[in-house]
Amino acid sequence: MDLKSRIRRRRRTGTTATLVLDYEAISPIAHVSEPTGRGPVLERLLDYLDPVFDGDLPPNAYVWGPIGAGKSAVVTALWANLAGQLSESQSVIHTTTRSQTTNAPQFVYVDSREASSTFAQYRAILDAISDESVPEKGIGTDTLETRLTNSLRAGGASVLVAVDHVGEPETPDLATVADRLDSLGASLTWVAVGRTNPETLAVDLPPERIELPAYRRHDLVDILTSRASEGLAERALQHEQTRDIADWAEGNAHDAFAALFGAADRAARKGRSRIHSEDITAGMMDVPRPCSSLGRVMALPQNRQLVLRTFVDLDEHARESVERTTEAIADAASVDLTPGTVKRFLYELAETGIIERVQRETGDDSHGRPPSRVEPRFPITVFRRLYDIRTE
DNA sequence: GATCCACGGGAATACACGGATG
DNA sequence: CATCCGTGTATTCCCGTGGATC
């Protein structure tokens with residue numbers, strides 16, 4: 001347990017028993033500094049990154065594996081630690097020449113969900129490697145590209161960019177990322193991270209491919225146990241319940257944490273001091289299978305998230321058809337969008353798999369094309385809580 | 001004045017079905 | 001019987017506009 005959570009826990013001691021000490025610790029989209037249960041893959045990645053310790057760049061790479069395999073967790077943790085340790089050793093060596101540029105590569109992490117356009121990705125990289133502030137609007141993409149290439153050339157430093165979440169419905173695919181980054185020069189190499197098996201991709205693959213398979217049951221139990229010990233009151237979650245969740249999740253850490261989070265939240269709302277088995281069941285029921293990643297949902301533009309937040313509170317009646325749902329959402333006091341836009345959002349979200357259109361069995365009153373309903377493909381309890389925590 | 005991006009709005013297209021047509 | 005057509009909806013697609021910034 002790290003210091004932060006020890007302090008959080010201590011602050012609670014003495015007050016009324018609180019079940020959930022730290023939602024962040026059991027969140028399906030939390031970034032951890034120390035990924036567990038991924039030892040072999042970490043070794044493989046460190047082998048690949050070996051040139052970095054001599055101040056060189058490794059070749060481009062593609063890291064891939066199924067949802068919930070810990071790809072983002074591993075890559076963000078690795079990047080953060082390498083950036084920290086390498087710059088630390090530099091400053092020790094070069095204490096007298098602090099401002100001197102060194103050979104150690106810089107580590108830049110770009111989440112394609114936050115930055116999907118060419119402009120946004122270039123901007124993210126330039127912002128990370130340069131001291132000056134980089135404009136978000138007002139300059140063209142080619143101007144930005146020029147500034148970026150100049151900066152890479154002039155700085156003398158090399159950069160290793162991790163581009164996470166490539167190849168999702170609303171993010172650029174591997175070929176696009178390769179195309180964008182290869183043109184920036186030899187002092188930048190990249191590691192793309194995605195779900196698609198490279199063998200099914202009809203593109204020129206980067207020289208290194210590293211697979212992250214799904215968690216094994218045993219490792220998933222360990223991770224759940226350790227995160228639960230940080231985020232939940234003592235003895236709030238029984239070992240058998242942890243195993244149940246792990247079995248059910250079938251190696252998918254995202255779904256496992258979503259279920260745990262949902263269960264804990266439910267138990268907390270009911271004022272319990274520990275999680276009951278019916279909470280676990282409800283937590284699992286909250287997670288549709290397949291389930292779209294909450295990271296995707298939480299990275300959506302604000303207005304789309306607002307539409308979803310309103311959507312998950314609608315009653316039966318309002319969920320009957322896209323039309324009804326649209327009206328109900330557009331009518332909500334908090335939503336300041338026209339019905340046309342709300343409807344378009346709903347169709348777009350269905351297109352990308354965050355919600356799903358369900359066709360009504362044809363029949364009824366044979367007038368025109370039958371309407372469909374939309375259903376969430378994400379855990380609504382968890383989404384509600386994450387959304388409300390962030391906007392409170 | 002230029003730029004990126006989210007919105008708004010509406011045209012174009014797809015679909016379902018009954019009834020007409022060849 | 002297979003197709004086509006007309007009507008009424010549902011869904012997709014596309015592009016102009018405007019806010020916020022530089």
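The model shown is predicted, which means the values in this text are computed figures rather than measured ones. All chains are named by letter (A, B, ...) in the order of the sequence lines, taking the proteins before the strands, and each is independently numbered beginning at 1.
Taking the side chain of Arg369(A) as heavy atoms from C-beta on, and the options dC5(B), dA6(B), dA14(B), the nearest nucleotide is dA14(B).
DNA chain B lies under 4.0 Å from at least one heavy atom of each of the following residues of residues 137-148 of chain A: Lys137(A), Gly138(A), Ile139(A), Gly140(A), Thr141(A). At a non-hydrogen distance threshold of 4.0 Å, Leu337(A), Thr338(A), Thr341(A), Arg344(A), Phe345(A) from residues 337-357 of chain A come into contact with DNA chain B. Using a 4.0 Å cutoff on non-hydrogen atoms, no part of residues 315-331 of chain A comes near DNA chain B.
Taking the charged nitrogens against the carboxylate oxygens, Arg269(A) and Asp265(A) do have a contact shorter than 4.0 Å, which makes a salt bridge.
Atom OG1 of Thr352(A) and atom CD of Glu168(A) lie 10.0 Å apart (nearest 0.5 Å). Taking CE of Met284(A) as the start and CG of Asp279(A) as the end, the distance is 11.5 Å to the nearest 0.5 Å. The CD atom of Glu375(A) lies 7.5 Å from the CZ atom of Phe311(A); values are rounded to the nearest 0.5 Å.
Proximity of Val221(A) to His239(A): side-chain heavy atoms (C-beta onward) are separated by under 4.5 Å at one or more points. Side-chain contact between Tyr387(A) and Leu306(A) is present, with at least one heavy-atom pair separated by less than 4.5 Å.
Within the nucleic acid shown, Arg123(A) has no heavy atom closer than 4.0 Å to any nucleic acid atom.
The side-chain contact (heavy atoms from CB on, under 4.5 Å) check on Pro206(A) picks up Asn60(A), Tyr62(A), Leu174(A), Trp190(A), with sequence neighbours excluded. For Thr338(A), the side-chain hydrogen bond (donor to acceptor under 3.5 Å, both in side chains) partners two or more places apart in sequence, or in a different chain, are Thr341(A).
The footprint of chain A on DNA chain C, defined by a heavy-atom cutoff below 4.0 Å, extends from dG8(C) to dC22(C).
When Arg113(A), Arg296(A), His165(A) are each tested for a side chain to side chain donor-acceptor pair (under 3.5 Å) with Glu170(A), only one passes: Arg296(A).
Taking the six-membered ring for Trp and thresholds of 30 and 60 degrees, Phe378(A) and Phe383(A) have ring planes more than 60 degrees apart, a perpendicular arrangement.
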